[in-house]
Amino acid sequence: MASITMRHLSKRYPGGVNAVNDVNLEIGDKEFVVLVGPSGCGKSTTLRMIAGLEEISEGELYIGDRLVNDVAPKDRDIAMVFQNYALYPHMTVEKNMSFGLELRKVPKDEIKKKVDEAAKVLGIEHLLSRKPKALSGGERQRVALGRAMVRDPAVFLLDEPLSNLDAKLRSQMRTEISKLHQSLGTTFIYVTHDQIEAMTMGDRIVVMKDGVVQQVDTPQHVYDKPANMFVAGFIGSPQMNFIDAQLVQRDGAYFILLGGSPDGSLQIPVPDGKASPEELAQLIDKPVVLGVRPEALHDDPSFTEAAGAATLEAQVELAEMMGSEVYLYLNYNSVKLTAKVPARTAAKMGETLRLAIDVSHIHLFEKETGAAIFH
């Protein structure tokens, strides 16, 4: 088993394109870490540098205590599972799983034992004689995982392995891969653009943008305390609402003045303990951005009556039934908002709705830099 250490890791392509820029990351032995971000953020390039499939432009990469910058992929004790599965179409499942071991001159009885054990864990014993074209997408994915498993690697690298599957199968395979990680006790590094996969699978998630790591933390902490507006908007579905605002001080107390209110009168008190008076004093009268998760906007009268000043009126543009809850897409003085409310809501398209903001769950960001001021 092995840890992964990245020190000032960078990848530059000809023409000055920075795909990955100064990544510093420690991944512990047996940890499940997910690299997540939009297309082109550098997550797959980072994974490929760990695998040895991309040359490192700058920095150091350690697997365990060994510097592997110049170590060939086959000698890094890693196994990679690709998005397209990369199975040999002319070989049976059994042959696909055993081929790498045969190249390494592993004894035949040991190969059979490893293949049978992996097939049993993955529930594909009945598929060993078939060829990839006779398999479903989920079965091919299991074979790709099995091929990696038989090598007994120190590190599993998975590059968007579920993106070709339908929604139901993706959900099932998320569970299967998480269980596989638990049973193997191996370090997993998983790349995805799907924040639901990141939130449900990783011990920690690494959020990337434009080749730069934005935040590294547990899924819950990233959700509750995003480091900046990008992370706040990327993690969470539907995404966080953002409203331009201004921080003001009145009678010794601090308030967030919402830019969307017609006369600037809608003010939200900053709850005690959110930030120190010294921090807030530096931001008085400066432009800021209020962040509110959809589930922190309530249309229930008990909330709106209790919230007092922290209420707003918005027009319902669309009510989207999601089963146990409804997504309300709202227009608040030309600011687009989304609320996640219980299915029993009486809200109708076209009506004006009074909503309460749960001030205990608001976020505030600097307008210029996007950095979080408080959560």
Side-chain angles (χ1 to χ4, degrees), residues 1-86 99-101 103-106 144-145 147-161 177 181 184-193 198 201-217:
M1 303 304 117
S3 59
I4 303 284
T5 304
M6 298 171 229
R7 294 180 185 163
H8 305 290
L9 209 63
S10 296
K11 176 63 183 180
R12 295 188 186 89
Y13 290 109
V17 178
N18 280 344
V20 176
N21 193 22
D22 197 31
V23 170
N24 291 280
L25 187 61
E26 293 269 354
I27 298 173
D29 182 27
K30 302 181 183 178
E31 193 174 13
F32 195 131
V33 169
V34 180
L35 308 183
V36 65
S39 297
C41 72
K43 56 190 185 296
S44 288
T45 303
T46 302
L47 197 76
R48 289 174 67 83
M49 283 194 286
I50 297 170
L53 302 177
E54 288 281 359
E55 192 176 327
I56 295 168
S57 303
E58 213 172 276
E60 296 176 331
L61 174 67
Y62 291 85
I63 297 179
D65 297 326
R66 183 168 67 138
L67 180 66
V68 297
N69 285 45
D70 300 317
V71 175
K74 66 183 179 63
D75 298 323
R76 293 192 180 195
D77 199 12
I78 54 97
M80 191 158 178
V81 178
F82 295 91
Q83 180 179 349
N84 62 359
Y85 318 135
F99 188 62
L101 298 179
L103 290 179
R104 294 179 175 215
K105 305 286 193 274
V106 175
L145 286 167
R147 184 177 56 187
M149 281 174 62
V150 297
R151 293 181 53 192
D152 195 21
V155 182
F156 269 82
L157 306 177
L158 300 100
D159 191 6
E160 306 216 30
I177 291 174
H181 171 251
L184 295 178
T186 309
T187 307
F188 273 47
I189 306 175
Y190 187 105
V191 160
T192 182
H193 63 271
M201 297 175 75
D203 297 324
R204 287 189 301 157
I205 58 178
V206 180
V207 185
M208 296 185 71
K209 177 194 177 190
D210 298 334
V212 178
V213 172
Q214 304 292 307
Q215 188 169 2
V216 183
D217 216 319

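Quick caveat: nothing in here was measured; it's all calculated off a predicted structure.
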- Considering all heavy atoms of both residues, which atom of Lys30 and which atom of Thr187 are nearest to each other, and what is their separation? N-OG1, 3.0 Å
- Query: Considering residues at least two apart in sequence or located in another chain, which fulfil the salt bridge (Lys or Arg N to Asp or Glu O under 4.0 Å) criterion with Arg151?
  - Reply: none
- Task: Nearest 0.5 Å please: distance from the CD atom of Gln83 over to the OG1 atom of Thr192.
- Result: 9.5 Å
- Message: Set out, in order, the CA-CA distance, both residues' side-chain angles and the distance that settles side-chain contact (heavy atoms from CB on, under 4.5 Å) for Leu47 and Glu54, then state yes or no.
- Response: CA-CA 9 Å; Leu47 197 76; Glu54 288 281 359; over 6 Å; no
- Message: Show, in sequence, the C-alpha distance, side-chain angles and deciding distance for Ile205 and Val33, and conclude whether the side-chain contact (heavy atoms from CB on, under 4.5 Å) test is met.
- Response: CA-CA 6 Å; Ile205 58 178; Val33 169; over 6 Å; no
- Message: Is there a side-chain contact between Val155 and Ile4 in this structure, where contact means two heavy atoms from C-beta onward sitting under 4.5 Å apart?
- Response: yes
- When rounded to the nearest 0.5 angstrom, what distance separates OG in Ser3 from CG in Asp65? 6.5 Å
- Message: So, using salt bridge (Lys or Arg N to Asp or Glu O under 4.0 Å) as the criterion, who are the partners of Lys209 when residues are at least two apart?
- Response: none
- Sub-4.5 Å side-chain heavy-atom contact between Phe156 and Ile189: no
- Note on the structure: Between the CD1 atom in Ile50 and the CG atom in Leu9, the distance rounded to the nearest 0.5 Å is 7.5 Å
- Note on the structure: The side-chain contact (heavy atoms from CB on, under 4.5 Å) partners of Glu26 (sequence neighbours excluded) come to Thr5
- Query: Is the shortest heavy-atom distance from the side chain of Met149 to the side chain of Thr186 under 4.5 Å?
  - Reply: no
Run the side-chain donor-acceptor check on residues 35-44: report pairs under 3.5 Å with partners two or more places apart or on a different chain.
from	atom 1	to	atom 2	distance (Å)
Lys43	NZ	Gly37	O	3.0
Lys43	NZ	Pro38	O	3.2
Ser44	OG	Asp159	OD1	2.9

- Message: Please find the pair of heavy atoms, one from Ile63 and one from Ala2, that lie closest to each other, and give the distance.
- Response: CG2-CB, 3.8 Å
- Considering residues at least two apart in sequence or located in another chain, which fulfil the side-chain contact (heavy atoms from CB on, under 4.5 Å) criterion with Arg66? Val68, Val71
- Side chain proximity check, Leu157 to Tyr190, heavy atoms < 4.5 angstrom: no
- Message: Please give me the minimum heavy-atom distance between Phe188 and Ile177, naming the atom from each residue.
- Response: CE2-CG2, 4.1 Å
- Task: Decide, yes or no, whether a salt bridge links Glu58 with Lys11 under the criterion of side-chain N to carboxylate O below 4.0 Å.
- Result: no
- Message: Just to verify, what does Leu53 make a side-chain contact (heavy atoms from CB on, under 4.5 Å) with, not counting sequence neighbours?
- Response: Arg48, Ala51, Pro73, Met80, Phe82
- Message: Less than 4.5 Å apart, side chain to side chain, heavy atoms only: is that true for Arg7 and Leu25?
- Response: no
- Mind checking whether Val213 and Val207 have side chains closer than 4.5 Å, heavy atoms only? no
- Distance col, row Glu31:CD vs Asp203:CG, nearest 0.5 angstrom, shows 5.5 Å
- Message: Please evaluate residues Met49 and Val20 with respect to the criterion side-chain contact (heavy atoms from CB on, under 4.5 Å), reporting the C-alpha separation (whole Å), side-chain torsions for both, the decisive distance (0.1 Å), and the verdict.
- Response: CA-CA 10 Å; Met49 283 194 286; Val20 176; 3.9 Å; yes
- Task: Kindly determine whether Asp152 and Val150 satisfy side-chain contact (heavy atoms from CB on, under 4.5 Å), including the steps that lead there.
- Result: CA-CA 5 Å; Asp152 195 21; Val150 297; over 6 Å; no
- Message: Could you check whether any side-chain heavy atom of Asp77 comes within less than 4.5 Å of a side-chain heavy atom of Asp75, counting everything from C-beta outward?
- Response: no
- Task: Report yes if some heavy atom in the side chain of Met201 is under 4.5 Å from a heavy atom in the side chain of Phe32; otherwise report no.
- Result: yes
- Query: Do Glu60 and His8 have a side chain donor and acceptor closer than 3.5 Å?
  - Reply: no
